[in-house]
Amino acid sequence: MLYPEQQRANNGNLCFNWFDAEDIRRGGGEAQSIRSMIATMVRDVAIDPDRIYVTGLSAGGAMAGVMLATYPELFAAGAIIAGLPYGTATSMSQALDRMRGRGLPADPALAALVDGAAPAGGRVPRVSVWHGDADATVVPANADAIVAQWRGVHGLAYAPDEVEQVEGHAHRLWRDAQGRAAVEEYRIRGLGHGTPLATTGADGLGQPGPHMLEAGISSTLHSAAFFGLIERPSARAAATRAKPKPASPRPHPWSHSPGRSQVGDMINGALRAAGLLR
């Protein structure tokens with residue numbers, strides 16, 4: 001396991017600079033630094049270079065997308081949790097807009113951003129996308145954009161090949177021409193900004209904490225199964241295939257008209273979670 005860590009000199013919140021053009025390009029900045037760490041691991045630990053995977057949450061999820069786009073030859077697959085599509089923000093103001101779902105490009109432009117990030121003709125990583133439908137920090141429109149981006153890169157149809165409810169949450173899956181699971185999305189019902197956990201039951205794993213949220217489904221186990229590292233979690237095997245029902249409208253988290261200080265705290269918390277405020 002490799003855990004790249006930000007330096008405070010680069011970002012006061014120790015978050016990756018997913019909105020800085022110099023840090024999200026092939027051959028430079030933070031993307032190149034992480035690529036070098038991976039190369040060192042491959043050399044020193046003798047791991048299988050065909051079984052390398054990347055995942056991250058929030059700014060880390062966005063950076064996972066950066067790595068998949070800029071160094072696709074390195075990764076068999078990746079999981080992006082509460083992240084943002086690659087290359088859609090190159091300044092702080094753009095980052096704030098994208099987090100709110102504003103100014104996201106159309107589907108062809110999203111795919112073109114990834115297509116232009118690395119030399120053509122190499123491996124295209126498979127991608128698992130996770131997002132809470134109550135995420136007010138990085139709104140779920142970003143999950144839609146990530147799916148569209150990688151669906152376009154893989155050349156997949158708009159409609160998914162499979163739609164089901166898995167442990168009470170909507171799951172969509174697109175398969176490539178060889179029948180492999182190429183892109184999937186989990187939309188977690190009622191989840192805010194964080195990594196989905198299932199801490200109880202036969203497959204219980206982890207412990208709730210800041211941005212590590214009990215959801216009754218484990219993104220860790222399901223992503224590992226998508227990567228091909230483990231068998232499907234036992235609860236998943238019993239999933240009932242069905243068209244997901246439209247989610248009931250939920251009040252906006254600010255709809256209860258909190259006081260000015262509470263609103264400010266909510267805004268600042270969202271900015272800190274995305275690495276935009278110290």
Side-chain angles (χ1 to χ4, degrees), residues 6 10-25 29-31 54-70 78-107 109-111 113-114 117 127-150 185-196 210-213 215 219 247 250-255 258 262-278:
Q6 180 62 282
N10 296 334
N11 184 291
N13 294 313
L14 299 178
C15 293
F16 294 109
N17 290 315
W18 57 272
F19 50 88
D20 188 323
E22 289 303 307
D23 283 315
I24 64 173
R25 64 180 180 86
E30 292 175 7
V54 61
T55 185
L57 163 70
S58 193
M63 202 65 192
V66 168
M67 298 310 299
L68 293 168
T70 55
I80 300 172
I81 305 172
L84 298 100
Y86 170 74
T88 56
T90 54
S91 69
M92 185 175 293
S93 61
Q94 289 182 1
L96 288 168
D97 279 342
R98 304 304 176 266
M99 289 167 61
R100 296 164 180 155
R102 300 173 184 167
L104 290 166
D107 291 5
L110 286 166
L113 289 168
V114 172
V127 180
S128 179
V129 180
W130 292 75
H131 219 106
D133 69 2
D135 191 335
T137 299
V138 178
V139 301
N142 285 282
D144 295 330
I146 297 169
V147 168
Q149 187 167 64
W150 287 98
E185 182 207 14
Y186 284 89
R187 188 65 59 91
I188 308 304
R189 181 170 49 86
L191 188 77
H193 190 63
T195 296
H211 302 297
M212 304 294 288
L213 308 178
S219 60
R250 286 183 169 81
H252 191 279
W254 295 351
S255 63
Q262 186 177 351
V263 171
D265 289 345
M266 295 170 76
I267 294 172
N268 290 337
L271 297 181
R272 289 193 181 93
L276 300 176
L277 183 69
R278 297 189 178 188

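Keep in mind that this is a model prediction, so the values were computed, not measured.
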query: Roughly how far, to the nearest 0.5 Å, is NE2 of H211 from OG1 of T137?
result: 7.0 Å
query: Where do L57 and G194 come nearest, in terms of heavy atoms and distance?
result: CD1-C, 3.7 Å
task: Over all heavy atoms of both residues, which pair between L110 and A145 is shortest? Give the atoms and the distance, please.
output: CD1-O, 3.6 Å
query: Can you check whether H193 reaches L213 side chain to side chain, under 4.5 Å on heavy atoms?
result: no
- prompt: Atom CG in D20, atom CE in M92: separation rounded to 0.5 Å?
  reply: 10.0 Å
- request: Report the residues that fulfil side chain to side chain contact (heavy atoms under 4.5 Å, CB included) with T90, sequence neighbours left out, ordered by chain and then residue number.
  value: A21, Q94
message: Looking at every heavy atom in both I80 and G65, which two are closest together, and how far apart are they?
response: CD1-CA, 3.9 Å
message: For the OG1 atom of T70 and the CZ atom of R25, what is their distance to the nearest 0.5 Å?
response: 10.5 Å
message: Over 60° means perpendicular and under 30° means parallel, so tell me whether Y186 and W130 are parallel, tilted or perpendicular.
response: parallel
message: Donor-acceptor check, side chain of S128 to backbone of A79, threshold 3.5 angstrom: yes or no?
response: no
- request: Identify the heavy atoms of P196 and I188 that sit nearest to each other, and give their distance.
  value: CG-CG1, 4.0 Å
message: Within the 4.5 Å heavy-atom criterion, are W150 and V114 side-chain neighbours or not?
response: yes
query: Can you name the nearest heavy-atom pair linking F16 to Q6, along with the distance?
result: CA-NE2, 3.7 Å
Under 3.5 Å, which donor-acceptor pairs link side chains of residues 81-89 to any protein atom two or more places apart or in another chain?
from, atom 1, to, atom 2, distance (Å)
Y86, OH, I24, O, 2.9
T88, OG1, P85, O, 3.1

- request: Report yes or no: does N17 contribute a side-chain atom to a donor-acceptor pair with the main-chain N or O of N10 at less than 3.5 Å?
  value: yes
- request: Say whether, by atom type as modelled, one donor and one acceptor occur between the side chain of D97 and the main chain of R102 under 3.5 angstrom.
  value: no
- prompt: To the nearest 0.5 Å, what is the distance between CZ (R98) and OG (S91)?
  reply: 7.5 Å
message: According to side chain to side chain contact (heavy atoms under 4.5 Å, CB included), who are the partners of R187, at least two apart in sequence or on a separate chain?
response: H131, D133, P140, A143, D144, A170, E185
- line: All heavy atoms of L113 vs all of P105, minimum pair found to be CD1-CG, 4.5 Å
